Amino acid sequence: MRLKLLAALLVTVAAPAAAQEAKPRPNILVIVADDLGYSDLGAFGGEIATPNLDAIARQGVRLTGFHTAPTCSPTRAMLLSGTDNHLAGLGNMAEMLAPNQRGLPGYEGYLPANVVSLPERLRDLGYTTLMSGKWHLGTQPENDPSRRGFDQAFALLQGASNHFGNDVSSTPGTPGKATYRENGKALEVLPGGFYSSDHFATKLIEFLGKADRSKPFFAYLTFTAPHWPLQAPAADIAKYRGRYDAGFEKLRAERLARQQALGLIPANVTPHPIVLDEGRSWASLSDAEKREQTTLMEIYAAMVDRMDQNVGRVIAHLKATGQYENTIILFLADNGAEGIDLQRSRVPGMAERLKHADNRLENLGAATSYAAYGPGWAQAATTPSFLYKGFITEGGTRVAAFVSWPGASRQGRIDHAFGTVMDVVPTFVEAAGGEWRGSSYRGRAVQPVRGRSWTDYLFGRSDRVHAPDEAIGSELFGRRAVRQGDWKLVDLGDGWKLYDLATDPGETRDLAASHPNRVKALAAAWDDYARQSGVVLPSTPATFP
């Protein structure tokens, strides 16, 4: 009798454990949009048709306090490493290095050997790792995504290219050209009918279809839309004809009102005034200038729309193959909206590209055009924040982001907790059942992860991700900032300014004069951050964008 009772107890205790072990680990899909504005998606106050992304955002958690670096490659370094961009090889963009930064540790322009990438960690945990889209973390063969943890990878190596594939070269560094590689092999040509968003989604679906279904997957889908050059299929552009004739100031007001109605920002928020080159308002533009500007915004909207269509294709594949219900989906933009003036850009090869572009009004959006939409539309997209891509302000670093995580208790909410792109690695390594802490990995010294995991927060086991006294520094192009709780200290080259983002998310009221002790303490915290991260301020003044 005693033996039977003991056997019954053992079965009772073992059954839940066996059931827990049998539960499959989640698939992970990370989707990155390139230069997307904070308010472009419908779920974040936009008027552009983005039903697929909106559905995921509303199902999941909209992260209104999620922050990145001010530009793309530093953000991608932090996203895939979990540490600061100055420790992950992108202390500055490789294209923008100052003379005194060249050759220094932290300024390599690629992920150095002492950084463990997210796909490397997940592959070691038994995941199939797949990538399709923009890489921008090194162009040499040893820096290829296939050498940094991806089992399958179709990658644009540089930061931008012609969306119709008209600028391909198999040799990285060719002026005005872009290089694509598939699993480490450079492509001489792209398939007929190539359009970036379409092909990136197609390749990821292809990789997913061939993947070993006995293993969970990590998929990294990183669009180049809506990064310049603004180009889109004509049918998508036609959907937005006339939509933006009222101008960027009107669009900004409309989006601000929708954000308030959605609960994304406080009803009493004071938006930062638009800052325009030479102070040119919409009303001051000539009729010809207005026609050009509205056309550029129509093309931009079409690019966002087309990206959403392709997200829908990937989601449809996951649902058709029964994988959707066990897939965590994270979506984020890599920085704030782009307000660059291409005519004055320092991007290598830009003058040559513009020289050969056909930017007649009737040709804008076609494969032979090469244009961007400028600071007016960019600040409509970043409302209510200050400025846009390239700046360490909220407009450059607070991005549209959301996570859909089956079973998470915070699903279906709008969340305002502060977060950083460095949090992605610890969150997903933890979700996969791995350990992300420590300064060694597989017997070698590595940069420790500096982010924090969101898992306890998303499942209701914690009421915050980052402690209110944690100081998080940042720097790019000599522009500096440090965040501690709701306080933010910012220097754009004209001295420290202090903002209380809890009451002033638009960064409109400088409180430095009335809080000198806080300024002193936060400035000291930034100095500590700079020493620990190896920040080398550029010897030449910041001129980006």
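Not measured: the values here are computed from a predicted model.
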In terms of relative ring orientation, are [X] and [Y] parallel, tilted or perpendicular, with 30° and 60° separating the classes?
X: Trp377; Y: Phe248; answer: perpendicular
X: Tyr388; Y: Phe391; answer: perpendicular
X: Phe200; Y: Phe154; answer: tilted
X: Tyr38; Y: Phe44; answer: perpendicular

(message) Just to verify, what does Val30 make a side-chain contact (heavy atoms from CB on, under 4.5 Å) with, not counting sequence neighbours?
(response)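 Testing Val30 for side-chain contact (heavy atoms from CB on, under 4.5 Å), a comparison that skips the adjacent residues, returns Ile28, Val32, Phe218, Tyr220, Leu330, Leu332, Phe428.
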(request) Just do the side-chain hydrogen bond (donor to acceptor under 3.5 Å, both in side chains) check on Thr368 and Asn166 with the steps written out, would you? (result) CA-CA 8 Å; Thr368 51; Asn166 285 15; over 6 Å; no
(request) Verify whether the ring centers belonging to Tyr244 and Tyr300 lie closer than 6.0 Å. (result) no
(request) Count the heavy atoms of every other residue, nucleotide or ligand shown that sit under 6.0 Å from NZ of Lys239, and state whether that count exceeds 12. (result) yes
Determine yes or no for a side-chain-to-main-chain donor-acceptor pair under 3.5 angstrom, with [X] supplying the side chain and [Y] the backbone.
X: Arg62; Y: Ala43; answer: yes
X: Thr75; Y: Ala69; answer: yes
X: Trp526; Y: Glu475; answer: no

(request) Any side chain to side chain donor-acceptor pair (under 3.5 Å) involving residues 259-275? Give me the pairs, sequence neighbours left out, ordered by first then second residue. (result) none
